[in-house]
**Q** 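Structure provided below as structure tokens; questions to follow.
Each chain gets a letter, A, B and so on, in the order its sequence line appears, and its residues count up from 1.
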Number of protein chains: 2
Amino acid sequence: MSETTAPCASDLLEVIPLIFRTIRAEMRQRRGADLSIPQFRSLIFLSRQPRASLNELAGYLGLTAPTTCKLVDDLVARQLVTRAPSTLDRRKIELEITPRGVDLLAAARQGTLEQLSSLLEPLSAEEKTHISRSLALLRQIFAHESQK
Amino acid sequence: MSETTAPCASDLLEVIPLIFRTIRAEMRQRRGADLSIPQFRSLIFLSRQPRASLNELAGYLGLTAPTTCKLVDDLVARQLVTRAPSTLDRRKIELEITPRGVDLLAAARQGTLEQLSSLLEPLSAEEKTHISRSLALLRQIFAHESQK
DNA sequence: TATTGTTATACTCTATAACTATA
DNA sequence: TATAGTTATAGAGTATAACAATA
């Protein structure tokens, strides 16, 4: 193994959770007080995965089908998601995020981006492009991995 | 604002959660089936913060004192943590991770490091030092931020 | 007969309120 | 009188089991 690998892995394990805590705190703060974290994560998933089924959503959330079913009940009641029987297999449902759900997500994302930007601002342009290039490398590696 | 800031923030918001999901999945898998996430996080906190009080731990976990108290009951019963009244202020308690708790944490951390290393291995030495340097910059920025 | 989603019920986790001991 | 921690009670969130509808 290359002698640069272990230190790099150690850096990742130390720094990534640090940054993630800030991002999560910021997102949660802006998600709207009356939406639970799994509900918020559902919107994120459905914004990337149109017409997902209940079981697909449950799999992403790491929750059981009954729990997810009730969670979706609430999202539908709030008009953040629509639920319709699939035309191909009428046992299945098709979940879809509504424009209102998209707006909610966009607002949270925008607020978080502004917070991150203010933190990055003090860095030089070189340092920021350096970081972006590193993140591009890491994205390639972890894009497939996190599907598992 | 520098024109490199917004793209860099956007990269962070996309890539950090991606990496974090892999790290968390790996840590959880290795934490031992019968230990809850807050309990596991307690061990992490106490490994860095010897003789912490109940309220300090509760603050870190984002839980209330009663909830944390019961959680600690269980950690003590499993002999992963000790709880003793403080000698300076006998209202307070001093929490301490046991050698057994340290071992559990070390094993989880080691397994995760190996997993991360295997993912990073394909990168060149230059790319890995590049990433480490970027992470050092980010660590400075987010070290203080995540205390809040 | 198997699969998708839902409903019924029970349990775990967490919080608020009340209490004890120490400062 | 205020503070640190604990105990008692109640509420949210989640799971397992049983069920209905479709394949």
Side-chain angles (χ1 to χ4, degrees), chain A residues 21 24-25 27-29 31-46 49-78 80-97, chain B residues 24-25 27-29 31-46 49-97:
Chain A
R21 277 197 283 278
R24 182 173 50 190
M27 288 289 277
R28 287 182 181 178
Q29 194 183 322
R31 78 169 189 266
D34 53 354
L35 208 61
S36 75
I37 309 270
Q39 285 177 333
F40 189 70
R41 293 187 63 216
S42 298
L43 295 184
I44 292 172
F45 177 72
L46 293 175
Q49 199 77 32
R51 295 192 301 284
S53 74
L54 187 84
N55 278 323
E56 284 165 349
L57 176 59
Y60 172 76
L61 295 173
L63 298 174
T64 58
T67 299
T68 308
C69 182
K70 283 204 295 183
L71 183 148
V72 167
D73 284 346
D74 199 53
L75 287 175
V76 170
R78 289 165 192 268
L80 297 170
V81 165
T82 59
R83 166 171 45 188
S86 165
T87 46
L88 289 89
D89 181 343
R90 297 207 12 245
R91 292 174 301 181
K92 291 194 182 180
I93 59 173
E94 289 181 356
L95 296 169
E96 206 127 21
I97 189 168
Chain B
R24 183 174 48 191
M27 289 289 277
R28 286 184 181 176
Q29 194 183 322
R31 78 166 190 266
D34 54 355
L35 208 60
S36 75
I37 310 269
Q39 286 177 334
F40 190 69
R41 293 187 62 215
S42 299
L43 295 184
I44 292 172
F45 177 73
L46 293 175
Q49 199 77 33
R51 295 192 302 285
S53 72
L54 187 84
N55 278 321
E56 286 165 349
L57 176 59
Y60 172 77
L61 295 173
L63 298 173
T64 57
T67 300
T68 307
C69 182
K70 284 206 293 184
L71 182 149
V72 167
D73 284 346
D74 198 52
L75 288 174
V76 170
R78 289 165 192 268
Q79 303 183 10
L80 297 170
V81 165
T82 58
R83 165 170 47 187
S86 166
T87 46
L88 290 89
D89 181 344
R90 297 202 16 241
R91 292 173 302 182
K92 290 193 180 180
I93 59 171
E94 289 181 356
L95 297 169
E96 207 127 21
I97 189 169

**Q** Does C:dT6 have its OP1 or OP2 closer than 4.0 Å to a side-chain nitrogen or oxygen of A:Arg83?
**A** yes
**Q** Rounding to a whole Å, what distance do you find between A:Leu61:CG and D:dA15:P?
**A**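 Roughly 10 Å, once rounded to whole Å.
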**Q** With a 4.0 Å cut-off, would you call A:Lys70 and A:Asp74 a salt bridge?
**A** no
**Q** Side chains of B:Asp73 and B:Arg83: does their closest heavy-atom pair fall under 4.5 Å?
**A**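 A side-chain contact exists here, since the closest heavy-atom pair is under 4.5 Å.
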**Q** What integer distance in Å separates A:Lys92:NZ from C:dT6:P?
**A**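 In whole Å, C:dT6 P and A:Lys92 NZ are 14 Å from each other.
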**Q** Send over the distance from A:Arg90 CZ to C:dG5 P, rounded to a whole Å.
**A** 14 Å
**Q** Figure out the CG/P separation between A:Asp73 and D:dG13, and round it to whole Å.
**A**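 To the nearest whole Å, that distance equals 13 Å.
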**Q** Applying salt bridge (Lys or Arg N to Asp or Glu O under 4.0 Å), name anything that partners A:Arg51, two or more places apart in sequence or on another chain.
**A**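 None.
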**Q** Separation of B:Ile37 atom CD1 from D:dG13 atom P, in whole Å?
**A** 18 Å
**Q** How many Å lie between CG on A:Leu88 and C1' on D:dT22, as a whole number?
**A** 14 Å
**Q** Please report the interatomic distance CZ(B:Arg41) to CE(B:Met27), rounded to the nearest 0.5 Å.
**A** 11.5 Å
**Q** For a 4.5 angstrom cut-off between non-hydrogen side-chain atoms, does B:Leu75 reach B:Ser42?
**A**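 In short, these two side chains touch, coming nearer than 4.5 Å.
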**Q** In whole angstroms, how far is the P atom of D:dG13 from the CG atom of A:Leu35?
**A**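 Answer to the nearest Å: 11 Å.
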**Q** Would you list the protein and nucleotides 12-15 of chain C atom pairs, both N or O, that sit under 3.5 Å from each other?
**A**
from	atom 1	to	atom 2	distance (Å)
C:dA15	OP2	B:Thr64	N	3.0
C:dA15	OP2	B:Thr64	OG1	2.9
C:dA15	OP2	B:Thr67	OG1	2.9
C:dA15	N7	B:Thr67	OG1	3.3

**Q** To the nearest 0.5 Å, what is the distance between NZ on A:Lys92 and CG on A:Leu54?
**A**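 Rounded to the nearest 0.5 Å, the NZ-CG separation comes out at 11.5 Å.
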**Q** Can you tell me if B:Asn55 touches the phosphate of D:dT3, counting only side-chain N or O atoms and a distance under 4.0 Å to OP1 or OP2?
**A** no
**Q** Would you kindly give the CG-to-C1' distance between A:Asp74 and C:dT6, to the nearest whole Å?
**A**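 For the pair A:Asp74 CG and C:dT6 C1', the rounded distance is 16 Å.
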**Q** Indicate, yes or no, whether a donor-acceptor pair under 3.5 Å links the base of C:dT3 to the side chain of A:Arg91.
**A** yes
**Q** If you assign each of B:Ser53 and A:Asp89 to its closest nucleotide in DNA chain D, which residue comes earlier from the 5' end?
**A**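 Result of the comparison: B:Ser53.
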**Q** Could you pull out the closest heavy-atom pair between B:Ala58 and B:Thr68, with the gap in Å?
**A**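 Minimum heavy-atom separation between B:Ala58 and B:Thr68: CB-OG1, 3.3 Å.
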